[in-house]
Chemist: 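I'd like to ask some things about the structure below.
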2 protein chains.
Amino acid sequence: MPYTYEYPRAAVTVDCVVFGYDAAALQVLLIQRGLAPFAGAWALPGGFVHVDETLDDAARRELREETGVTDLYLEQLYTFGALDRDPRERVVSVAYYALVDPAHFALAAATDATRAAWFAVDAVPPLAFDHAHILAVALARLRGKVRYQPLGFELLPEKFTLTGLQRLYETILGTPLDKRNFRKKILAMELLRELDEVEQDVPHRAARLYQFDESKYRALTERGFNFEL
Amino acid sequence: MPYTYEYPRAAVTVDCVVFGYDAAALQVLLIQRGLAPFAGAWALPGGFVHVDETLDDAARRELREETGVTDLYLEQLYTFGALDRDPRERVVSVAYYALVDPAHFALAAATDATRAAWFAVDAVPPLAFDHAHILAVALARLRGKVRYQPLGFELLPEKFTLTGLQRLYETILGTPLDKRNFRKKILAMELLRELDEVEQDVPHRAARLYQFDESKYRALTERGFNFEL
DNA sequence: GCATTATAGTGTTGCTATTACACTATGTCA
DNA sequence: TGACATAGTGTAATAGCAACACTATAATGC
């Protein structure tokens with residue numbers, strides 16, 4: 001049942017840049033398109049916004065449908081509205097970026113229409129549409145924001161070692177950090193709960209495990225505290 | 001000539017939060033709506049995005065048409081997609097925020113359809129749609145961003161005094177700043193060109209005028225320099 | 001023209017935060 | 001039990017930040 005409008009309209013899509021951290025590299029979740037345009041090419045998960053769902057809902061729905069990822073930190077990134085981003089028609093895309101621990105869930109099985117896989121952010125294949133550009137913007141945002149918001153924890157398992165956390169920050173920021181200074185700073189913030197557990201199955205002295213304490217963070221934030229580096 | 005689509009679609013609008021600085025207060029530019037919905041109410045300037053213009057172009061066009069403002073710093077803010085933001089139909093709004101020196105241009109004359117005026121940001125009338133929310137988000141962004149990007153200069157005349165610049169920052173940030181420390185810091189950045197001119201028509205010793213040096217800023221930025229406070 | 005007023009302009013010091021840096025401790029494995 | 005791999009820990013020098021008050025200059029009014 002077709003709908004009629006007085007003027008031609010732009011369609012609205014959402015596209016999601018899902019970051020994960022694994023194997024000591026920052027990864028991004030891509031899907032392989034089954035349909036034209038760009039059939040066979042890799043692309044960011046995403047799709048058209050339904051008329052009865054919010055943008056956030058659309059982003060979560062597309063992620064669930066196309067990749068199986070459900071539980072994640074999700075934040076709007078930017079809205080891309082170049083005239084020729086989609087060869088079919090005028091499409092405005094509201095881009096989101098998301099952070100997730102890849103070990104925490106299984107990717108959706110491949111279907112006829114789509115297949116999902118992780119790629120290291122510095123080794124992504126050519127992407128459909130303007131998705132390479134969107135990815136670049138998302139990376140810049142992540143690198144900028146991770147310095148003054150405790151986002152890094154979203155990419156790690158619930159329990160992690162201080163060295164693991166440091167490696168993550170080194171990977172995202174692209175610079176080595178001093179071990180003693182890093183630990184001093186992080187611990188001084190009192191955002192971490194020290195657990196009575198150590199990592200398992202390592203061929204050397206095991207490191208103590210820590211947990212991010214969301215409630216402490218919220219309490220501190222209300223008192224004007226600012227996370228930094 | 002109506003257009004037909006398979007599914008109902010969201011319409012796309014742009015809305016602009018235009019900040020100005022005058023009379024020692026931060027101001028926002030509003031228009032009074034002539035048409036339903038919200039006829040007579042004040043609202044952010046904005047309107048529907050044409051199918052053959054980018055989002056940025058649409059924002060600039062609406063500003064020109066509705067307010068007469070043409071030359072300004074304009075940046076995308078956030079995209080609002082709640083289901084009921086517009087009582088007529090589903091409308092997704094890409095919001096922009098803009099900075100301008102109000103003294104630099106004249107507001108567009110009132111027409112049957114619209115009338116533009118400045119309001120102090122802490123004394124705006126009730127706004128149409130979700131525009132009060134959009135304004136709040138824009139203010140938060142401005143307050144956050146002004147600390148690490150030299151945005152303040154966009155709100156001032158080309159030539160300004162150091163005290164004027166300090167007052168602006170105090171107004172936006174809502175905190176008093178130390179005069180000597182402020183001057184030291186700003187001058188140490190070497191972003192300002194010191195002019196051989198002083199302010200005119202003041203009933204006391206006249207202050208020296210300075211000018212923001214955009215090219216110096218770009219040069220420094222490329223070398224990893226970061227504006228702060 | 002002199003006193004008043006209003007703002008411009010200017011340095012130093014103590015404190016805090018940041019950086020740079022190297023060794024001992026502990027567990028695993030062969 | 002020795003070799004190994006990583007955990008875990010403190011200090012000193014430096015740089016950046018915050019706090020603070022007086023003199024200089026132009027205009028105005030008497």
Side-chain angles (χ1 to χ4, degrees), chain A residues 21 23-24 146-148 150 156-157 159-171 173-211 220 223-229, chain B residues 21 23-24 146-148 150 152 156-157 159-171 173-212 220 223-229:
Chain A
Y21 175 72
V146 87
R147 290 170 179 279
Y148 61 93
L156 289 176
K159 302 170 180 183
F160 50 84
T161 66
L162 290 183
T163 300
L165 184 62
Q166 182 180 342
R167 296 250 179 290
L168 168 66
Y169 273 90
E170 288 176 331
T171 303
L173 297 176
T175 66
L177 301 171
D178 181 89
K179 182 174 175 179
R180 278 176 289 190
N181 294 339
F182 180 82
R183 294 161 100 92
K184 227 182 306 173
K185 196 160 196 172
I186 286 284
L187 292 176
M189 292 181 188
E190 308 209 46
L191 292 176
L192 300 187
R193 182 177 333 180
E194 180 176 324
L195 301 175
D196 278 333
E197 288 176 71
V198 295
E199 57 181 341
Q200 302 297 319
D201 301 317
V202 287
H204 52 77
R205 175 175 175 187
R208 179 174 292 266
L209 291 172
Y210 290 81
Q211 206 171 12
L220 285 170
R223 281 181 239 144
F225 161 86
N226 244 349
F227 179 88
E228 206 171 319
L229 213 159
Chain B
Y21 175 72
V146 87
R147 291 169 179 280
Y148 61 94
L156 290 175
K159 300 171 180 181
F160 50 84
T161 67
L162 291 183
T163 300
L165 184 63
Q166 184 181 340
R167 295 250 179 289
L168 168 66
Y169 274 90
E170 289 175 331
T171 302
L173 298 176
T175 66
L177 301 171
D178 181 89
K179 183 174 173 179
R180 278 175 290 191
N181 292 339
F182 180 81
R183 294 161 99 93
K184 229 182 305 174
K185 197 160 194 172
I186 286 285
L187 291 176
M189 292 180 188
E190 309 210 45
L191 292 176
L192 301 187
R193 182 177 333 174
E194 180 177 325
L195 301 175
D196 278 331
E197 286 176 74
V198 295
E199 57 182 342
Q200 302 297 317
D201 301 318
V202 287
H204 54 77
R205 175 174 175 186
R208 179 174 292 268
L209 290 171
Y210 289 81
Q211 207 170 12
F212 178 63
L220 285 169
R223 281 181 239 143
F225 161 85
N226 243 350
F227 180 88
E228 206 170 319
L229 212 162

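Chain naming here is simple, since letters A, B, ... match the order of the sequence lines and numbering starts at 1 in each.
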Chemist: Please determine whether side chain to side chain contact (heavy atoms under 4.5 Å, CB included) holds for the pair Leu209(B) and Phe160(B), giving the CA-CA distance in whole Å, both sets of side-chain angles, and the decisive distance to 0.1 Å.
Modeler: CA-CA 5 Å; Leu209(B) 290 171; Phe160(B) 50 84; 5.5 Å; no
Chemist: Step by step, would you call Met189(B) with Leu220(B) a side chain to side chain contact (heavy atoms under 4.5 Å, CB included)?
Modeler: CA-CA 9 Å; Met189(B) 292 180 188; Leu220(B) 285 169; 5.8 Å; no
Chemist: Going 5' to 3' along DNA chain C, between which two nucleotides do contacts with chain B fall, using a heavy-atom cut-off of 4.0 Å?
Modeler: dA6(C) to dT12(C)
Chemist: Once you round to the nearest 0.5 Å, how far does CG of Leu168(B) lie from OG1 of Thr163(B)?
Modeler: 12.5 Å
Chemist: With the side chain counted from C-beta on, respond yes when Tyr210(A) and Leu187(A) share a heavy-atom pair under 4.5 Å apart, and no when they do not.
Modeler: yes
Chemist: Give the rounded distance in Å between these two atoms: CZ of Arg208(A) and C1' of dA7(D).
Modeler: 11 Å
Chemist: Measure the shortest side-chain to side-chain distance between Thr161(A) and Gln166(A) over non-hydrogen atoms and say whether it is less than 4.5 angstrom.
Modeler: no
Chemist: Could you tell me whether the side chain of Asn226(A) reaches within less than 4.5 Å of the side chain of Tyr148(A), counting heavy atoms only?
Modeler: no
Chemist: Report the distance from atom NZ of Lys185(B) to atom CD of Glu228(B), rounding to the nearest 0.5 Å.
Modeler: 6.5 Å
Chemist: List in numerical order all residues of residues 181-198 of chain A for which some heavy atom is under 4.0 Å away from an atom belonging to DNA chain D.
Modeler: Arg183(A), Lys184(A)
Chemist: Enumerate the protein-to-nucleotides 1-5 of chain D contacts in which both atoms are nitrogen or oxygen and the separation is below 3.5 Å.
Modeler:
none

Chemist: Going by the salt bridge (Lys or Arg N to Asp or Glu O under 4.0 Å) test, which pairs reach into residues 186-195 of chain B, not counting sequence neighbours?
Modeler: Arg193(B)-Asp213(B), Glu194(B)-Arg208(B)
Chemist: Drop me the distance from Gln211(B)'s CD to Leu195(B)'s CG, to the nearest 0.5 angstrom.
Modeler: 5.0 Å
Chemist: Kindly determine whether Tyr169(B) and Val146(B) satisfy side chain to side chain contact (heavy atoms under 4.5 Å, CB included), including the steps that lead there.
Modeler: CA-CA 8 Å; Tyr169(B) 274 90; Val146(B) 87; 3.8 Å; yes
Chemist: Counting the atoms with a prime plus P, OP1 and OP2 as sugar-phosphate, which does Thr163(B) contact under 4.0 Å by heavy atoms, base, sugar-phosphate, or nothing?
Modeler: sugar-phosphate
Chemist: To the nearest angstrom, how far is Leu229(B) atom CG from dG16(D) atom P?
Modeler: 15 Å
Chemist: List the atom of Phe227(B), the atom of Phe225(B), and the distance in Å for their closest heavy-atom pair.
Modeler: N-CE2, 3.5 Å
Chemist: Bend angle of the helix from dG1(C)-dC30(D) to dA30(C)-dT1(D) from five-pair axes at both ends, rounded to 10°?
Modeler: 10°
Chemist: Under 3.5 Å, which donor-acceptor pairs link side chains of residues 174-181 of chain A to any protein atom two or more places apart or in another chain?
Modeler:
residue	atom	partner	partner atom	Å
Asp178(A)	OD2	Arg180(A)	N	3.1
Asp178(A)	OD2	Asn181(A)	N	2.8
Asp178(A)	OD2	Asn181(A)	ND2	3.4
Asn181(A)	OD1	Lys184(A)	NZ	3.2

Chemist: For Arg180(B) and dA19(D), give me the distance from atom CZ to atom P, rounded to whole Å.
Modeler: 12 Å
Chemist: Quick one: pull up CZ in Phe182(B) and CG in Leu165(B) and give me the separation to the nearest 0.5 Å.
Modeler: 4.0 Å
Chemist: In whole Å, I'd like the distance from the CD atom of Gln166(A) to the C1' atom of dT6(D).
Modeler: 12 Å
